[in-house]
Amino acid sequence: MQILKVENISKIYGDKKNARQYRAIKSISFEVKEGEFIGVMGASGSGKTTLLNILGSIDKPTNGRFMMGGKDIATLSKKQLAKHRMENIGFIFQNYNLLETMTLKENIILPLALRGTGVREMEEKVFSLAKDLGIIEVLEKYPYEVSGGEQQRAAACRALITNPKMILADEPTGNLDSKSGKELLDLLTYINKEYKATILMVTHDVFAASYCQKILFIRDGEIYNELHAGENKKQFFDAIIDVMSVLGGEVR
Ligand SMILES: Nc1ncnc2c1ncn2[C@@H]1O[C@H](COP(=O)(O)OP(=O)(O)O)[C@@H](O)[C@H]1O
Ligand SMILES: [Mg+2]
(Lines give C-alpha, C1' and ligand atoms only; values in the text may rest on other atoms or scores of the structure.)
(Ligands and ions follow the chains in the order given, each with its own letter.)
Protein backbone atom coordinates (compact mmCIF):
# COMPACT_ATOMS: atom_id res chain seq x y z
CA MET A 1 0.00 0.00 0.00
CA GLN A 2 1.12 3.49 -0.80
CA ILE A 3 1.88 5.67 2.21
CA LEU A 4 3.30 8.80 0.59
CA LYS A 5 2.62 10.42 -2.75
CA VAL A 6 4.55 13.56 -3.63
CA GLU A 7 3.25 15.57 -6.57
CA ASN A 8 5.30 18.32 -8.23
CA ILE A 9 6.57 19.86 -5.04
CA SER A 10 8.61 23.03 -5.36
CA LYS A 11 10.15 25.36 -2.81
CA ILE A 12 11.27 28.92 -3.29
CA TYR A 13 12.99 30.61 -0.37
CA GLY A 14 12.86 34.34 0.01
CA ASP A 15 10.43 37.16 -0.47
CA LYS A 16 8.62 37.55 -3.77
CA LYS A 17 9.16 41.32 -3.58
CA ASN A 18 12.92 41.29 -3.41
CA ALA A 19 15.22 39.72 -5.92
CA ARG A 20 16.79 37.31 -3.48
CA GLN A 21 14.62 34.34 -4.30
CA TYR A 22 16.15 30.93 -4.30
CA ARG A 23 14.60 27.86 -5.85
CA ALA A 24 15.72 25.08 -3.52
CA ILE A 25 13.34 22.54 -5.07
CA LYS A 26 12.24 22.86 -8.68
CA SER A 27 9.78 20.01 -9.02
CA ILE A 28 9.85 16.69 -7.25
CA SER A 29 7.41 13.80 -7.55
CA PHE A 30 7.69 10.27 -6.17
CA GLU A 31 5.80 7.63 -4.25
CA VAL A 32 6.66 5.56 -1.21
CA LYS A 33 5.01 2.27 -0.34
CA GLU A 34 4.31 1.18 3.19
CA GLY A 35 7.32 -0.57 4.73
CA GLU A 36 9.91 0.75 2.29
CA PHE A 37 13.35 1.99 3.40
CA ILE A 38 14.19 4.76 0.96
CA GLY A 39 17.36 6.80 0.70
CA VAL A 40 17.60 10.35 -0.63
CA MET A 41 21.04 11.35 -1.88
CA GLY A 42 22.53 14.39 -3.56
CA ALA A 43 25.34 16.90 -3.22
CA SER A 44 25.28 19.44 -0.41
CA GLY A 45 22.75 22.18 -1.20
CA SER A 46 20.71 20.04 -3.60
CA GLY A 47 17.53 20.41 -1.52
CA LYS A 48 17.47 17.21 0.57
CA THR A 49 16.78 18.82 3.95
CA THR A 50 14.24 21.17 2.37
CA LEU A 51 12.37 18.16 0.99
CA LEU A 52 12.43 16.29 4.29
CA ASN A 53 11.25 19.34 6.24
CA ILE A 54 8.32 19.74 3.86
CA LEU A 55 7.36 16.07 4.18
CA GLY A 56 7.61 16.38 7.98
CA SER A 57 5.40 19.50 7.89
CA ILE A 58 8.17 21.58 9.46
CA ASP A 59 8.04 23.70 6.30
CA LYS A 60 5.51 24.22 3.50
CA PRO A 61 6.00 23.73 -0.23
CA THR A 62 5.63 26.79 -2.49
CA ASN A 63 3.73 24.70 -5.04
CA GLY A 64 2.65 21.11 -5.39
CA ARG A 65 1.16 18.80 -2.82
CA PHE A 66 1.70 15.55 -1.04
CA MET A 67 -0.55 12.91 0.42
CA MET A 68 0.34 10.88 3.48
CA GLY A 69 -1.85 7.96 4.40
CA GLY A 70 -4.31 9.10 1.72
CA LYS A 71 -4.68 12.61 3.16
CA ASP A 72 -3.71 15.77 1.32
CA ILE A 73 -1.63 17.43 4.03
CA ALA A 74 -2.24 20.94 2.67
CA THR A 75 -5.94 20.63 3.45
CA LEU A 76 -5.40 20.07 7.19
CA SER A 77 -6.19 22.83 9.67
CA LYS A 78 -3.44 24.02 12.02
CA LYS A 79 -4.76 21.81 14.77
CA GLN A 80 -5.11 18.77 12.50
CA LEU A 81 -1.60 19.38 11.22
CA ALA A 82 -0.14 19.39 14.72
CA LYS A 83 -1.99 16.16 15.46
CA HIS A 84 -0.84 14.63 12.17
CA ARG A 85 2.78 15.51 12.91
CA MET A 86 2.63 14.12 16.41
CA GLU A 87 0.93 10.88 15.43
CA ASN A 88 2.29 10.01 12.03
CA ILE A 89 5.86 11.25 11.84
CA GLY A 90 9.04 10.42 13.71
CA PHE A 91 12.07 12.61 13.06
CA ILE A 92 15.72 11.67 13.51
CA PHE A 93 18.20 14.51 13.04
CA GLN A 94 21.94 14.62 12.43
CA ASN A 95 22.60 16.32 15.77
CA TYR A 96 20.13 14.11 17.71
CA ASN A 97 18.13 17.14 19.00
CA LEU A 98 17.74 15.77 22.53
CA LEU A 99 16.87 18.21 25.31
CA GLU A 100 19.98 18.56 27.47
CA THR A 101 18.09 19.20 30.71
CA MET A 102 16.20 15.92 30.46
CA THR A 103 17.34 12.34 30.89
CA LEU A 104 17.24 10.03 27.88
CA LYS A 105 14.11 8.42 29.30
CA GLU A 106 12.39 11.79 29.68
CA ASN A 107 13.41 12.73 26.15
CA ILE A 108 12.01 9.49 24.76
CA ILE A 109 8.63 9.75 26.49
CA LEU A 110 8.19 13.44 25.69
CA PRO A 111 6.00 12.84 22.59
CA LEU A 112 3.71 10.61 24.67
CA ALA A 113 3.66 13.04 27.61
CA LEU A 114 2.60 15.82 25.23
CA ARG A 115 -0.30 13.63 24.17
CA GLY A 116 -1.37 13.02 27.73
CA THR A 117 -0.57 9.30 27.79
CA GLY A 118 -0.79 7.64 31.22
CA VAL A 119 2.41 7.14 33.22
CA ARG A 120 2.06 3.37 33.33
CA GLU A 121 1.73 3.06 29.54
CA MET A 122 4.66 5.45 28.98
CA GLU A 123 6.89 3.42 31.31
CA GLU A 124 6.01 0.17 29.57
CA LYS A 125 6.62 1.57 26.12
CA VAL A 126 9.92 3.24 26.97
CA PHE A 127 11.31 0.12 28.60
CA SER A 128 10.36 -2.25 25.83
CA LEU A 129 11.75 0.06 23.15
CA ALA A 130 14.93 0.90 25.08
CA LYS A 131 15.52 -2.80 25.64
CA ASP A 132 15.05 -3.49 21.95
CA LEU A 133 17.33 -0.64 20.93
CA GLY A 134 20.00 -1.44 23.52
CA ILE A 135 20.01 1.64 25.75
CA ILE A 136 18.26 0.35 28.85
CA GLU A 137 21.37 0.90 31.03
CA VAL A 138 21.68 4.58 30.15
CA LEU A 139 18.02 5.63 30.34
CA GLU A 140 18.48 7.67 33.53
CA LYS A 141 21.52 9.51 32.16
CA TYR A 142 21.57 12.95 30.57
CA PRO A 143 22.58 13.38 26.91
CA TYR A 144 26.01 14.83 27.82
CA GLU A 145 26.76 11.73 29.90
CA VAL A 146 26.42 9.25 27.02
CA SER A 147 28.06 8.65 23.63
CA GLY A 148 26.82 10.05 20.31
CA GLY A 149 25.71 6.58 19.29
CA GLU A 150 23.63 6.22 22.46
CA GLN A 151 22.13 9.68 21.98
CA GLN A 152 21.12 8.78 18.44
CA ARG A 153 19.60 5.50 19.61
CA ALA A 154 17.61 7.46 22.19
CA ALA A 155 16.51 9.80 19.39
CA ALA A 156 15.43 6.73 17.39
CA CYS A 157 13.41 5.53 20.42
CA ARG A 158 11.79 8.96 20.68
CA ALA A 159 10.92 8.86 16.98
CA LEU A 160 9.39 5.38 17.32
CA ILE A 161 7.49 5.68 20.57
CA THR A 162 4.29 6.96 18.98
CA ASN A 163 4.31 4.21 16.32
CA PRO A 164 4.50 6.77 13.51
CA LYS A 165 3.58 5.92 9.91
CA MET A 166 6.88 7.34 8.70
CA ILE A 167 10.36 7.89 10.06
CA LEU A 168 12.14 10.83 8.46
CA ALA A 169 15.89 10.81 9.09
CA ASP A 170 18.17 13.64 8.00
CA GLU A 171 21.83 12.52 7.85
CA PRO A 172 21.31 10.36 10.98
CA THR A 173 24.84 8.95 10.84
CA GLY A 174 26.46 12.30 9.98
CA ASN A 175 27.90 12.91 13.44
CA LEU A 176 28.68 9.30 14.34
CA ASP A 177 31.97 7.42 14.09
CA SER A 178 31.87 4.51 11.65
CA LYS A 179 31.14 1.87 14.31
CA SER A 180 28.21 3.77 15.86
CA GLY A 181 27.08 4.71 12.37
CA LYS A 182 26.91 1.06 11.37
CA GLU A 183 25.07 0.20 14.59
CA LEU A 184 22.49 2.88 13.87
CA LEU A 185 22.02 1.63 10.29
CA ASP A 186 21.54 -1.92 11.58
CA LEU A 187 19.02 -0.47 14.01
CA LEU A 188 17.11 1.36 11.29
CA THR A 189 17.04 -1.87 9.28
CA TYR A 190 15.69 -3.67 12.36
CA ILE A 191 13.06 -0.97 12.92
CA ASN A 192 12.08 -1.23 9.26
CA LYS A 193 11.69 -5.01 9.47
CA GLU A 194 10.35 -5.59 12.98
CA TYR A 195 8.26 -2.47 13.52
CA LYS A 196 7.29 -2.29 9.83
CA ALA A 197 8.28 1.38 9.88
CA THR A 198 8.51 3.18 6.57
CA ILE A 199 11.80 5.10 6.50
CA LEU A 200 12.94 7.99 4.35
CA MET A 201 16.61 8.69 5.06
CA VAL A 202 18.62 11.58 3.67
CA THR A 203 22.32 10.85 3.50
CA HIS A 204 25.39 11.67 1.47
CA ASP A 205 27.20 8.64 2.81
CA VAL A 206 27.37 5.80 0.29
CA PHE A 207 27.76 3.17 2.99
CA ALA A 208 24.61 4.41 4.76
CA ALA A 209 22.71 4.55 1.48
CA SER A 210 23.63 0.96 0.69
CA TYR A 211 21.29 -0.12 3.52
CA CYS A 212 18.28 1.26 1.63
CA GLN A 213 16.03 -0.67 -0.73
CA LYS A 214 15.80 2.22 -3.14
CA ILE A 215 17.64 5.51 -3.56
CA LEU A 216 16.37 8.74 -5.06
CA PHE A 217 19.13 11.04 -6.27
CA ILE A 218 18.46 14.76 -6.23
CA ARG A 219 20.32 17.30 -8.32
CA ASP A 220 19.53 21.02 -8.26
CA GLY A 221 16.12 20.45 -6.74
CA GLU A 222 15.01 17.71 -9.12
CA ILE A 223 15.11 13.92 -9.13
CA TYR A 224 18.01 12.96 -11.30
CA ASN A 225 18.03 9.21 -10.98
CA GLU A 226 16.70 6.26 -9.03
CA LEU A 227 18.50 3.07 -8.00
CA HIS A 228 17.08 -0.16 -6.65
CA ALA A 229 19.04 -2.54 -4.47
CA GLY A 230 19.51 -5.92 -6.07
CA GLU A 231 20.78 -9.22 -4.77
CA ASN A 232 24.34 -8.05 -4.74
CA LYS A 233 25.23 -5.43 -2.12
CA LYS A 234 28.65 -4.70 -3.60
CA GLN A 235 27.11 -3.99 -7.01
CA PHE A 236 24.57 -1.65 -5.41
CA PHE A 237 27.36 0.11 -3.50
CA ASP A 238 29.37 0.59 -6.71
CA ALA A 239 26.33 1.84 -8.60
CA ILE A 240 25.69 4.44 -5.86
CA ILE A 241 29.31 5.60 -6.08
CA ASP A 242 28.95 5.97 -9.85
CA VAL A 243 25.90 8.20 -9.60
CA MET A 244 27.33 10.21 -6.71
CA SER A 245 30.55 10.90 -8.57
CA VAL A 246 28.47 12.41 -11.38
CA LEU A 247 26.46 14.43 -8.88
CA GLY A 248 29.63 15.79 -7.31
CA GLY A 249 28.92 14.67 -3.78
CA GLU A 250 31.78 13.74 -1.52
CA VAL A 251 32.28 10.00 -1.76
CA ARG A 252 33.60 8.38 1.38
N1 LIG B 1 15.72 29.04 5.10
C2 LIG B 1 16.37 29.19 3.94
N3 LIG B 1 16.40 30.39 3.31
C4 LIG B 1 17.04 30.55 2.13
N5 LIG B 1 17.71 29.58 1.49
C6 LIG B 1 17.73 28.36 2.08
C7 LIG B 1 17.08 28.09 3.32
N8 LIG B 1 17.28 26.80 3.65
C9 LIG B 1 18.03 26.28 2.66
N10 LIG B 1 18.31 27.20 1.71
C11 LIG B 1 19.06 26.98 0.47
O12 LIG B 1 18.39 26.00 -0.31
C13 LIG B 1 19.32 25.10 -0.89
C14 LIG B 1 19.02 23.68 -0.47
O15 LIG B 1 19.29 23.54 0.91
P16 LIG B 1 19.12 22.17 1.70
O17 LIG B 1 17.76 21.64 1.46
O18 LIG B 1 19.51 22.42 3.11
O19 LIG B 1 20.19 21.26 0.97
P20 LIG B 1 20.86 19.88 1.41
O21 LIG B 1 20.16 19.38 2.63
O22 LIG B 1 20.71 19.00 0.21
O23 LIG B 1 22.30 20.19 1.67
C24 LIG B 1 20.71 25.57 -0.46
O25 LIG B 1 21.26 26.34 -1.50
C26 LIG B 1 20.43 26.41 0.76
O27 LIG B 1 21.40 27.42 0.91
MG1 LIG C 1 20.83 18.88 4.55
Side-chain angles (χ1 to χ4, degrees), residues 4 6-30 32 37-66 68 73-74 81 85 89-98 148 151-152 155-156 158-159 166-178 180-181 184-185 188 198-212 214-227 239-252:
L4 174 69
V6 179
E7 293 178 348
N8 303 312
I9 279 198
S10 69
K11 178 71 186 181
I12 300 174
Y13 285 116
D15 202 324
K16 281 207 172 109
K17 285 171 222 128
N18 65 40
R20 281 203 252 133
Q21 283 191 21
Y22 186 81
R23 244 160 88 133
I25 297 182
K26 288 196 184 109
S27 180
I28 286 186
S29 304
F30 63 94
V32 176
F37 185 177
I38 310 268
V40 176
M41 295 191 87
S44 174
S46 57
K48 305 182 297 294
T49 294
T50 302
L51 175 66
L52 217 65
N53 287 347
I54 289 173
L55 298 180
S57 297
I58 289 175
D59 203 350
K60 283 202 165 106
T62 307
N63 279 302
R65 59 173 200 164
F66 66 100
M68 212 178 266
I73 300 306
L81 191 66
R85 212 165 43 203
I89 296 172
F91 248 108
I92 303 176
F93 301 91
Q94 177 170 359
N95 56 3
Y96 328 128
N97 278 20
L98 297 173
Q151 289 188 58
Q152 196 58 307
R158 181 184 55 186
M166 280 204 91
I167 302 276
L168 302 175
D170 195 354
E171 308 269 6
T173 59
N175 282 346
L176 300 178
D177 59 67
S178 56
S180 315
L184 185 80
L185 291 164
L188 289 176
T198 309
I199 304 176
L200 197 65
M201 176 176 75
V202 162
T203 183
H204 61 249
D205 178 23
V206 178
F207 180 71
S210 71
Y211 277 71
C212 300
K214 182 168 114 184
I215 301 172
L216 304 172
F217 293 89
I218 298 188
R219 178 158 82 171
D220 300 334
E222 286 180 302
I223 293 192
Y224 166 80
N225 201 348
E226 191 181 308
L227 275 183
I240 300 169
I241 291 181
D242 283 348
V243 181
M244 280 306 279
S245 54
V246 176
L247 293 183
E250 44 186 298
V251 174
R252 281 186 240 161

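Whatever order the structure lists ligands and atoms in, that order sets their numbers, starting from 1.
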Check the side chains of Ser180 and Asp177 for a donor-acceptor pair under 3.5 angstrom, ignoring hydrogens and angles.
yes
Considering heavy atoms of the protein only, find what lies nearest to atom 9 (C) of ligand 1 and give residue, atom and distance to 0.1 Å.
Tyr13 CE1, 3.4 Å
What class does the angle between the rings of Phe91 and Phe93 fall in, given that below 30° is parallel, 30 to 60° is tilted and above 60° is perpendicular?
parallel
Non-hydrogen atoms of Ile9 and Phe66 that approach each other most closely:
CD1-CD2, 3.7 Å
Sub-4.0 Å heavy-atom approach of Ser46 to ligand 1
yes
Which atom names give the shortest non-hydrogen contact between Val32 and Met166, and what distance separates them?
CG1-CE, 4.4 Å
So that I can tick it off, tell me whether Asp59 and Lys11 are bridged by a salt bridge, with the cut-off set at under 4.0 angstrom between side-chain N and carboxylate O.
yes
For atom 15 (O) of ligand 1, the closest protein heavy atom turns out to be Thr50 OG1, 3.8 Å
Please state which protein non-hydrogen atom is closest to atom 13 (C) of ligand 1 and give its distance, to 0.1 Å?
Tyr22 CE2, 3.5 Å
Checking contacts now, so for atom 26 (C) of ligand 1, which I'm interested in, is there any protein heavy atom under 4.0 Å?
no
Measure the distance from atom 19 (O) of ligand 1 to every protein heavy atom, then report the residue, atom name and distance (to 0.1 Å) of the closest one.
Gly47 N, 3.3 Å
For atom 23 (O) of ligand 1, the closest protein heavy atom turns out to be Gly45 N, 2.7 Å
Criterion side chain to side chain donor-acceptor pair (under 3.5 Å) on Gln94 and Asn175, from CA distance to verdict
CA-CA 6 Å; Gln94 177 170 359; Asn175 282 346; 3.3 Å; yes
Any idea which heavy atoms bring Leu188 and Pro172 closest together, and the distance?
CD1-CG, 4.3 Å
Is it true that some N/O/S atom of Thr49, main chain or side chain, lies under 2.8 Å from the Mg ion (ligand 2)?
yes
contact_flag Gly221 ligand 1 heavy-atom lt 4.0 Å
no
With side chain to side chain donor-acceptor pair (under 3.5 Å) as the test, would you mind laying out the steps for Tyr13 and Thr50 before giving the verdict?
CA-CA 10 Å; Tyr13 285 116; Thr50 302; 3.0 Å; yes
So which heavy atom in the protein is nearest atom 18 (O) of ligand 1, and how far is it from that ligand atom?
Thr49 CB, 3.7 Å
Atom indices of ligand 1, in the order listed, that fall short of 4.0 Å to a heavy atom of Ala43
22 (O)
